[in-house]
Structures are given as structure tokens and as C-alpha cells.
Amino acid sequence: MSTNNPPVDKSQLAGTDTLDRGNTNAKLDSLEAFRSDATEQALRTNQGVKIADNQNTLRVGARGPSLLEDFIMREKITHFDHERIPERIVHARGTGAHGYFQCYEAHSALTKAGFLQDPSKKTPVFVRFSTVQGPRGSGDTVRDVRGFAVKFFTDEGNFDLVGNNMPVFFIQDAIKFPDFVHAVKPEPHNEIPTGGSAHDTFWDFVSLVPESAHMVIWAMSDRAIPKSLRSMQGFGVHTFRMINAEGRSSFVKFHWRPKVGTCSLVWDEAQKLAGKDTDYHRRDLWEAIEMGDYPEWEFGVQIVAEEDEHKFDFDLLDPTKIIPEELVPITPLGKMVLNRNPDNFFAEVEQVAFCPGHIVPGIDFSNDPLLQGRLFSYTDTQISRLGGPNFHELPINRAITPVHNGQRDAMHRTTIDKGRASYEPNSIDGGWPKETPPGPQDGGFESYPERIDAHKIRQRSDSFSDHFSQARLFYKSMSPHEQEHIIAAYSFELGKVEREFIRARQVNEILANIDLELAGRVAKNLGLPAPTAGTVDVPTPSLEKSPALSQANLLSGDIKTRKVAVLVADGVDGAIIDALKQALKAEGAHAKVLGPTSAPVTTADGQTLPVDASMEGMPSIAFDAVFVPGGAESIKALSRDGVALHYVLEAYKHLKAIALHGEARQLLVELKLGVDAGLIEDVDASNFPRFFAAIAQHRVWGREAKAKGVPA
């Protein structure tokens with residue numbers, strides 16, 4: 001049967017193909033209407049309103065609280081809060097643990113907060129540590145700020161202290177937070193670099209925003225590459241208030257001090273760990289808790305009386321400033337101990353929701369403009385991440401107190417409310433739940449009645465205008481090796497910046513105002529002319545140095561929880577290993593026996609010695625020190641083993657304590673190394689204390705210049 005279809009004309013096919021390509025191009029052209037080029041365009045809101053001030057939140061007076069009516073700030077932060085689903089936009093990479101807080105004594109003169117009154121009571125806590133910049137899959141040891149967030153489950157409700165391991169921040173006003181995070185995140189065109197800040201957009205932003213100078217120098221210091229989460233300090237960053245039963249208010253800054261001391265990795269070590277063990281920090285925390293080495297911090301506050309608010313040469317409300325401890329010492333309040341790992345990472349670590357606005361009676365806010373914006377932003381973010389306003393009902397977030405109010409329904413509601421009235425006041429359900437009047441103890445929450453009489457304006461207080469004196473104080477307070485690390489960090493990071501004008505601006509307009517030697521050294525490393533003067537007049541601070549800022553002064557003085565690698569092969573002296581293990585155990589430290597493989601080795605007296613892992617499986621970067629026991633056959637084997645030789649060389653380069661026993665001294669000749677304060681030969685049980693003292697110093701800083709030329 002004929003179909004009456006004409007024969008196929010190949011020329012028509014070609015024409016159709018051309019036509020189709022034309023239609024495709026037309027479709028692509030139609031998309032151009034949705035492309036946006038901001039060149040020579042005014043800054044506007046999403047509703048098309050031109051923005052006159054994108055630097056300051058609308059507030060009551062230059063130092064007053066921020067106003068909810070600021071539609072520009074709310075639109076900007078609301079959009080920012082919902083940019084990533086479901087991963088956290090910042091602090092995505094984290095880990096956590098359960099524990100308790102216990103106050104030392106009643107602190108009723110300072111605050112009426114119930115968890116700070118009874119030294120016999122243990123308040124449950126959950127802590128989440130995190131990096132800031134990278135996504136969930138990034139490395140633990142990248143150069144970055146670390147989040148330090150604590151949820152106190154108190155009898156008066158949940159109190160969230162949401163801070164960092166650095167006491168200041170990059171910006172002064174919350175309206176700039178989306179700008180900062182957009183700049184520090186990976187470049188938008190290629191999503192590079194992941195988990196780092198060595199790129200143009202970050203340095204473009206901070207070189208144009210001088211208020212970031214203080215935080216950036218902290219981020220270029222060793223504080224940004226902590227040795228472990230257990231060895232980090234924590235800070236509340238902002239100035240808060242504490243209020244006692246009489247209604248007297250004091251300004252406070254919150255501090256966490258680790259019991260094991262504060263110390264860091266060296267840069268080469270941090271980079272290698274990022275590749276060899278992406279989970280290094282979370283693994284260390286988990287294993288410490290499992291072994292019973294419970295991490296502990298002392299919780300304290302710097303207290304400033306209400307009448308002393310303006311006595312400093314900086315503003316208490318400025319989140320880019322610290323109160324030097326030499327001016328206001330830290331008053332210890334209690335201790336926090338982490339003693340239980342999560343049962344389920346997602347249900348606890350991922351679903352925990354921290355909000356700075358979660359406070360209890362006896363604690364209140366200041367008018368810090370960054371804090372004021374965070375009070376809105378965090379709750380808004382959790383609604384997006386956790387699927388609605390009922391995130392407080394997730395088990396990890398539930399208060400230990402009863403929760404009754406008229407807030408019902410919405411997504412993921414798990415409470416089955418009885419009663420017919422979901423409003424207050426009511427008479428249907430007998431008026432319940434009812435308000436609790438404020439009271440000295442166990443009363444309803446009452447905000448501090450701060451008097452404010454000012455115009456509502458978009459303006460920053462003149463007292464926020466000094467951006468460099470505390471950055472200079474920080475740099476001057478560092479030990480010589482810490483200063484060298486800061487110079488190296490700026491040089492490395494800026495060396496990755498493609499645009500020379502950004503590098504030059506950071507050197508000439510930021511670093512030169514902090515310290516000319518710092519600026520000159522970095523300029524030389526970047527091939528730029530050294531600046532001869534700063535660009536602004538920097539006020540002289542009341543302190544020239546603050547020793548409390550240097551990690552060199554923050555060591556614990558002991559070797560508790562430190563880890564020592566013991567390198568062995570067949571023929572090793574087993575007796576000295578037993579003696580070392582016993583001595584380390586007495587000091588609260590640990591030894592791991594490492595062989596050429598994971599198989600047991602045979603000691604010089606014919607005994608079987610199990611090993612914990614191979615040297616390749618547990619590299620030197622995972623340990624604090626290295627011990628090489630004697631035994632002629634063992635040392636003969638190790639001296640022919642490239643992995644073993646590299647192990648010792650790498651530990652030497654990373655400035656770690658190394659002890660050699662008996663025949664192990666031959667390795668010094670093999671490796672062409674000389675003894676120093678931390679490389680100790682001919683160690684036996686009688687002089688273990690010398691080895692332990694070197695470990696307690698964390699690093700052999702006197703070796704650093706020499707070690708730079710040692711391959712590892």
C-alpha cells in the first residue's frame with residue numbers, strides 16, 4: 001500500500017538542521033535578558049530601590065541597637081541565609097561531643113543565671129567545632145577560623161554561646177556579613193580554592209575593608225591551624241551583659257581556656273595532614289574521648305562595670321576589638337568537660353541548631369551591631385536548613401525544661417498539643433500557659449532596661465574607626481617564631497592572588513599600617529616595592545604588648561594526652577619500650593609502636609612484639625614526638641628503610657622532639673642531623689624526663705631555621 005509520503009530530500013534535512021541550530025541560538029539569545037552585568041549600575045534592593053548606605057545597619061544612634069524595620073539588612077541577610085540547602089553556608093565542616101559544665105562557686109554577685117549558682121550541679125552541654133569557609137568535604141587542617149559553639153541545657157532553658165577560636169571578627173556590622181562570606185568562599189566561576197582563602201576575591205574584599213585587618217592577622221597566625229580541637233581557645237567574640245538578682249548589669253566577654261594548653265600545627269604539617277588524614281581533628285577528638293582523655297576547658301569572663309564602659313581606648317561594642325587581659329583579667333567561672341561521643345553524626349552534629357538569641361535570665365545582649373544582626377540571622381538560617389520553625393523539637397535541640405506556648409503546627413511538628421487554645425491570654429484552657437513575672441531566681445526573662453535617646457540613623461560610631469592599633473598590638477605580642485609564621489602566611493596567601501594591584505593594596509594600605517617591617521618582608525617575598533610609611537595615623541594603644549596573646553605563653557607545662565611514635569623492626573630492644581610506655585602512662589601520655597608493616601616484630605631476646613600500625617599507616621604528622629629504641633638488627637633494618645628515615649626527617653623538619661636509644665644514635669650519621677634541645681641521643685630510662693620536657697615545649701623552635709633546609 002502506498003503511503004503517499006514523498007521521498008526524503010537530504011538537502012531538506014540539512015536545512016532543518018540549520019533551522020534547528022538557529023532556533024537553539026534564538027533560545028540562548030532569549031536567556032540574555034536574564035543575565036546581569038553590574039558595571040556602572042546603582043546598588044539596589046531586590047525590589048529595585050536604590051541603596052544609599054550598604055555599610056551600616058539602621059540603628060538607634062551611632063552606638064544603639066539595630067532596628068527590625070531595616071528592610072535592607074533583613075532582605076540581604078534573609079537571602080544570604082537561604083543560599084545553601086541543606087548544608088550550612090558557613091561552618092559546614094564540623095564535629096561535636098556531649099559533656100557537662102560545672103561552676104566553681106555561686107556567682108550571684110555577677111549574674112542570676114541558675115547554671116552559675118550551684119557548684120554541685122552538672123549542666124549538660126553539647127559542643128560543635130567547625131571550620132568556617134569550606135564545605136562538609138573539605139579538610140580539617142586548612143588555614144581557617146574555627147567555630148566553637150556550646151549549647152548549655154540549663155534548668156531555665158537553653159543557652160547557646162556561639163563563638164570562634166579567635167576573639168574578634170572580620171567586620172563590625174552584620175549588614176556586611178553576606179559580602180564577607182561571598183568574598184571568602186571559593187571563586188564563583190570555578191569553585192576554587194575549596195576550604196582556603198588564598199584567592200583574589202577574599203583579598204580584594206579585606207584589602208578594601210580596613211576594619212578586617214585585626215581579624216586577618218589572627219587568621220594569618222598559627223591560631224588558624226590549631227593542633228587539635230582540644231587545644232583551641234574559644235571566645236564569645238561579642239560583648240554581652242550579665243545581670244544579677246538586684247538588676248545590676250556588667251559587660252562581659254566570654255572565654256574558654258583548654259586544659260591541655262593552646263598550640264598549633266606548623267604549615268607544612270597542616271598541608272600534609274589535609275591530604276593524608278582529612279578527618280584529623282574529628283578523629284583526634286573522638287579518640288581522646290574514647291580513651292578517657294576527656295577534653296576540658298575553663299570557662300571565664302572579663303568583667304567591665306557599667307560605669308567603665310567608655311574608659312578604654314577602643315569601643316566595647318566593636319567586634320573587631322579585644323579587651324587585653326592585662327587591662328581586664330579573666331575571672332574563672334567553671335569548667336566544661338566533654339565525655340561522650342555522639343551516637344549518630346547526622347542526628348546530633350548535623351541537626352544541632354545554635355542561635356546567639358538563645359539566652360537565659362541573667363544574660364543579655366549588648367548593642368554590638370554584628371551581634372544584633374546575628375540575633376536575626378541564625379534563627380532564619382535554621383528554619384531553612386532544618387525544614388521549618390520546629391527545629392527546636394529535634395532531640396539534640398530539645399530543652400530539658402518543659403516547653404509550652406501557642407506555637408503549633410508547621411512542618412515536622414512532633415509535639416501533640418492538648419487543649420483548644422493556642423493563644424494567650426485565654427479562658428478556655430484556664431488561662432494556661434501563663435506568663436512568669438521576673439524574679440531574682442527562676443523568674444521570667446526580663447531584658448535589661450537600657451536607656452537610649454537617639455536618632456535612628458545609618459552611621460557607625462567614631463569609636464569604631466581605629467582599625468590598626470590592635471592588629472599592631474597582636475603582631476608585636478607574638479614571639480619571634482610566631483611573627484615569622486605570620487610573614488610566611490601572608491606571603492603564601494597573597495602569592496596565590498592573580499591580580500598584582502590587590503597584593504599591592506594589601507601590603508601598602510593594610511600591612512604598612514600594622515607594621516612596616518611586616519609589610520616590607522611580605523612585599524619582598526611578593527616582588528613588590530617595600531612601603532616606607534603607612535597611609536593613616538594609627539593611635540598609640542595603652543599597651544605595647546599583650547603576652548596573653550602569644551601561644552608560646554599558653555602551654556600546659558605537661559605532656560598529658562601527647563602521642564609518641566616508637567619506630568621498631570626485628571631485633572629491637574623490647575625492655576626500653578616497656579619502660580617508655582610505663583613512663584608515658586605515668587605522665588598521662590601515650591605510645592604507639594610502629595613497624596615496617598602491621599605485622600608483629602621479634603625483639604632482640606626473641607619475644608613477639610605486636611605493633612599498633614605501620615609507619616606508613618600512622619605518619620609522623622599524627623604524633624607529637626618520635627622515639628627510636630636500640631637493637632643492632634632493628635637499627636640496621638631501619639637505616640635501610642626509606643619510610644623510616646623519612647619518618648625521622650619529617651619529625652625533625654616539623655620541630656618535634658626526637659629521642660634515640662642505644663644503637664639508634666647511628667641514624668644521626670645516616671641522616672646528617674645534629675643534636676639540639678629536642679633531638680636527644682643516648683636516651684634511657686634514667687633521662688626520660690629530658691625527653692618529656694622537650695615534648696612539653698610543643699616544638700623545638702630553635703631548630704626552625706636549620707630545619708627549613710632539610711628535605712622531608
Side-chain angles (χ1 to χ4, degrees), residues 43 53-59 62-64 66 73 76-77 80 90 132-133 145 163-164 166-184 197 201-221 223-224 235-239 253 312-324 366-374 377 457-475 486 490 493-494 502 505-515 518-519 534-541 549:
L43 192 64
D53 186 344
N54 189 46
Q55 313 306 314
N56 302 287
T57 300
L58 187 66
R59 59 178 61 90
R63 298 182 73 253
S66 302
M73 180 273 287
K76 186 174 180 180
I77 293 185
F80 168 75
V90 289
V132 172
Q133 198 263 34
V145 185
N164 289 329
M166 301 180 193
V168 290
F169 201 65
F170 293 93
I171 52 172
Q172 295 174 328
D173 193 305
I175 200 171
K176 300 304 295 176
F177 193 67
D179 295 308
F180 163 70
V181 175
H182 289 165
V184 77
S197 55
T201 57
F202 172 74
W203 289 99
D204 184 40
F205 179 83
V206 298
S207 65
L208 291 168
V209 181
E211 69 199 60
S212 68
H214 190 197
M215 181 61 168
V216 172
I217 199 169
W218 277 79
M220 293 302 105
S221 78
R223 300 280 188 153
F235 304 91
V237 179
H238 308 287
T239 297
K253 290 270 195 181
F312 305 102
D313 53 12
F314 52 87
D315 197 316
L316 285 181
L317 304 186
D318 183 349
T320 68
K321 303 295 186 295
I322 63 167
I323 307 176
S366 74
N367 295 329
D368 174 340
L370 180 60
L371 173 60
Q372 292 277 311
R374 291 180 75 199
S377 179
I457 54 176
R458 289 188 187 276
Q459 181 179 317
R460 210 164 295 186
S461 172
D462 290 340
S463 56
F464 280 41
S465 62
D466 170 23
H467 304 315
F468 298 109
S469 63
Q470 287 209 349
R472 178 177 295 176
L473 172 67
F474 180 80
Y475 184 71
I486 289 172
Y490 274 111
E493 298 272 320
L494 288 168
I502 295 176
R505 186 168 62 222
Q506 178 67 25
V507 168
N508 295 319
E509 299 181 26
I510 303 296
L511 297 187
N513 292 321
I514 297 173
D515 185 86
L518 166 64
T535 58
V536 298
D537 292 327
V538 180
T540 302
L549 296 176

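Under the rule for a side-chain contact (heavy atoms from CB on, under 4.5 Å), the partners of Ala62 that lie at least two apart in sequence or sit in another chain are Gln459, Ser461.
Residue Trp218 is tested with Tyr475, Phe169, Phe474 for a ring pair (Phe, Tyr, Trp, His ring centres under 6.0 Å); the sole match is Phe474. The side-chain contact (heavy atoms from CB on, under 4.5 Å) test with Arg505 is passed by exactly one of Ile510, Leu208, Leu511, Val206: Leu208.
Checked for salt-bridge contact, Arg374 and Asp368 miss the test: no charged N lies under 4.0 Å from a carboxylate O. Note on Lys176 versus Asp173: no salt bridge recorded, every NZ/NE/NH1/NH2 to OD/OE distance being 4.0 Å or above.
In this structure, Gln372 and Ser366 approach most closely via the heavy-atom pair NE2-O, 3.0 Å. Scanning all heavy atoms of the two residues, the minimum distance from Gly373 to Ala174 falls at CA-CB, 3.4 Å. In terms of heavy atoms, Asn513 sits closest to Val536 at OD1-N, 3.2 Å. When all heavy atoms of Ala219 and Ala224 are compared, the closest pair comes out as O-CB, 3.1 Å. Taking each heavy atom of Lys76 and Asp179 in turn, the nearest pair found is NZ-OD2, 2.6 Å.
Using a 4.5 Å heavy-atom cutoff, the side chains of Phe180 and Phe202 are in contact. Side-chain contact between Val168 and Phe235 is absent, with no heavy-atom pair separated by less than 4.5 Å. Residues Phe464 and Thr320 have side chains not in contact (no heavy-atom distance under 4.5 Å, counting atoms from C-beta outward). Between Ile322 and His214, the closest side-chain pair of non-hydrogen atoms falls below 4.5 Å. Proximity of Glu211 to Arg460: side-chain heavy atoms (C-beta onward) are separated by under 4.5 Å at one or more points. Proximity of Ile217 to Leu518: side-chain heavy atoms (C-beta onward) are separated by under 4.5 Å at one or more points. Within the 4.5 Å cutoff, the side chain of Asn367 has no heavy atoms near those of the Arg59 side chain. Between Lys253 and Pro167, the closest side-chain pair of non-hydrogen atoms is not below 4.5 Å.
Pairs passing the salt bridge (Lys or Arg N to Asp or Glu O under 4.0 Å) check and including a residue from residues 312-324, sequence neighbours excluded, read Arg63-Asp315, Asp318-Lys321.
Atom CG of Leu370 is separated from atom CD of Gln172 by 9.5 Å, given to the nearest 0.5 angstrom.
For an aromatic pair to be called close, the ring centres must be under 6.0 Å apart, and Phe170 with Phe205 fails this.
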